[in-house]
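What follows is one structure encoded as structure tokens, with my remarks underneath.
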There are 2 protein chains.
Amino acid sequence: MTIDLRQMRYFVALAETLHFGRAAERLHISQPPLTRQIAALERELGVRLLERNSRHAGLTHAGRRFLEDSRLAMATFEQACRNAQLAERGELGTLTVGFMMHAAHTVLPRLTRQFMNDHPDVHVELREMVPDLLPDAILTGRFDAAVTFDPGAIRGLSTDRIHEEQLCLVAHSSHRLAALPIVRAEQLAGEPLIATPPDVAPTLRDAILRYLRSAGIVPVFRLEAQLQQTIVSLVAENLGVALVPASMGKLGLSGLAFRPLEQAPTVAHVVAWRDGNMNPTLRPFLASAGVPESSASDS
Amino acid sequence: MTIDLRQMRYFVALAETLHFGRAAERLHISQPPLTRQIAALERELGVRLLERNSRHAGLTHAGRRFLEDSRLAMATFEQACRNAQLAERGELGTLTVGFMMHAAHTVLPRLTRQFMNDHPDVHVELREMVPDLLPDAILTGRFDAAVTFDPGAIRGLSTDRIHEEQLCLVAHSSHRLAALPIVRAEQLAGEPLIATPPDVAPTLRDAILRYLRSAGIVPVFRLEAQLQQTIVSLVAENLGVALVPASMGKLGLSGLAFRPLEQAPTVAHVVAWRDGNMNPTLRPFLASAGVPESSASDS
DNA sequence: GCTATCAATACCTTTTCGGTATCATGACGA
DNA sequence: TCGTCATGATACCGAAAAGGTATTGATAGC
């Protein structure tokens, strides 16, 4: 078929006025081209769309049907164009965000709500993952962005700090350390500690190690688990104490004491993304996360 | 926008091959026009659809979105064209059929099933109506066709007989006439009859009158109702006897006796339509009803 | 650095589209 | 009944757009 959207547009105008002259005027063309295009349309369709009585024209049944369908087709076409523009501006599309479980208790909920409010037509896919696997998932393009502990400098990966919190001590309520209003590093000497394995969250593990070593303590790790939630649960069973991000205290588990540390170390959450990720929805997401325009764009 | 379906078609071909030369070949044009049309499309949309690396091209996120939407838009467009052709052939559209209630027990079910089987995309609207109002409803265009007792010759109305049946006597089981295997007109003398009012179904009323008068009987109508079903129900209450189309006996009401009449008069069902009704679904409907092509077309 | 490949550009030809003028037709009024 | 008016169809012309051929430009791989 050589039928054209123009012919469809002409036909709709004609069907709505049922008058070649007035329809042509509305289309900003003269009457003869309109007559010709309609004739061509009818010829190419092989369908009589209008009943002309030389006095006034009326739609045939097929014409009425074609009018409805034409309106739909034109709307669908225009929607396609509009969507392309929205997609390029990052206001329409899909964004896949990986995050470590711990972030579900800190920045992720508000970040997600903020972004989804500002960009209602972006489909967001959230994927939980242990921190050490996130950088690779971003670099291979499986995720567009990630929220995790700072993984340090990685080639091709940009990061921006969006959250920082102190570590605190968590111990069973009956533990001797639970009686202290504030805990000093030296007081942890010889205490069996529960922590994440070194490869799962190196930043967090390192922060704990540095803190203890600066007080001359050689830590004893007898029990390890990947998730902070798991660690806290194990502490609740009195299997040891742990240094965890202060936000874990908000979970409201009973039988536990969260105590501040003197000169407490901090851990940061970052949002991370691949340099050169062209998903247009990424920039708005970074903007919602508070990443400065400069560091978002020079990646 | 001056964006064209052609450009969309070109883009889809290009997006599917990701190669200007091969896409152009598939479109039966040479490569330069394709390059130009795609460039024009991107310019008019204001959206970069392809990432060209001079070695091979890839879709941008917006391009991927536009590809999906373009496929939908093109399909919708083609559907519009196809539908117009189907509508003209009467294979798609809406047919409104009025009918007298009595036809629901005779020809209407099989006629409707036949037509809907043969024309699955035609929407059928059935409207019950008392017989005397049907011709006007057709002439004013509210219905495309009607199934009713023969209304006689009406200007602008064509009819074709599609069903004929004898009248029979219906009486209460305890009635004296119920004992007879066959009933003669003379035996109805003085019997109170239930019938339709003269203006509701003149043909039927006249057939009954002629039958009785030919036997020299002056009928006594003490009770009248519009619907044959109502009449039969009243007979079941022993409020009188009635002459009704034989098909009423199939309803299976208990306590009633249906008896054949000697020299029984017949009543016909016709399908009726307005001369010059241009609804394309009407011809196929008349064909399903068994109306000869000649009488359907010369109207 | 050379070559092969592929998209972009230049330039020309053909097609299509729109504009003006005019014609054909049928309704309406004198 | 004839003239007039309204309206869609045709004829013809100029402008715009599309496609074709030849060529250039850029880059990946040897």
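The side chain of P32(B) sits closest to dT21(D) out of dA7(C), dA9(D), dT21(D).
Protein atom NE2 of H19(B) is 16 Å distant from nucleotide atom P of dA4(C), rounded to whole Å. Remark: C1' of dA9(D) and CG of L50(A) are 14 Å apart, rounded to the nearest angstrom. Atom C1' of nucleotide dG18(C) and atom CD1 of I38(A) are separated by 15 Å, given to the nearest angstrom. Distance, R43(A) CZ to dT10(D) P: 11 Å, rounded to whole Å. For the pair I3(A) CD1 and dC17(C) P, the computed distance is 13 Å after rounding to whole Å. In this structure, the CD atom of E25(B) is 16 Å from the C1' atom of dA7(C), given to the nearest Å. Here the C1' atom of nucleotide dC6(C) and the CD atom of E51(B) are 16 Å apart, to the nearest Å. Between the CZ atom of R52(A) and the P atom of dA24(C) there is a distance of 19 Å, rounded to whole Å.
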Would you list the atom pairs, donor with acceptor, under 3.5 Å between side chains in residues 20-29 of chain A and any protein atom, with sequence neighbours excluded?
residue, atom, partner, partner atom, Å
R22(A), NH2, H19(A), NE2, 3.4
R26(A), NH1, E16(A), OE1, 3.2
R26(A), NH2, E16(A), OE1, 2.8

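Once rounded to the nearest 0.5 Å, the distance linking CZ of F149(A) with CG of D132(A) reads 12.0 Å. Atom NE2 of residue H123(B) and atom OG1 of residue T281(B) lie 11.0 Å apart, to the nearest 0.5 angstrom.
A perpendicular orientation is assigned to the rings of F285(A) and F115(A), their planes being inclined by more than 60° (bins at 30° and 60°). Ring orientation note: the planes of F66(A) and F11(A) are tilted relative to one another, at an angle of 30° to 60°.
Judged by distance alone, with hydrogens and angles left aside, the side-chain atoms of E42(B) form a donor-acceptor pair with the main-chain N or O of L49(B) at under 3.5 Å.
For dA7(C), neither phosphate oxygen OP1 nor OP2 lies less than 4.0 angstrom from any side-chain nitrogen or oxygen of T35(B).
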_One character per nucleotide, please: for nucleotides 12-19 of chain D, 5' to 3', B when the base has a protein heavy atom closer than 4.0 Å, S when only the sugar-phosphate does, - otherwise._
------SB
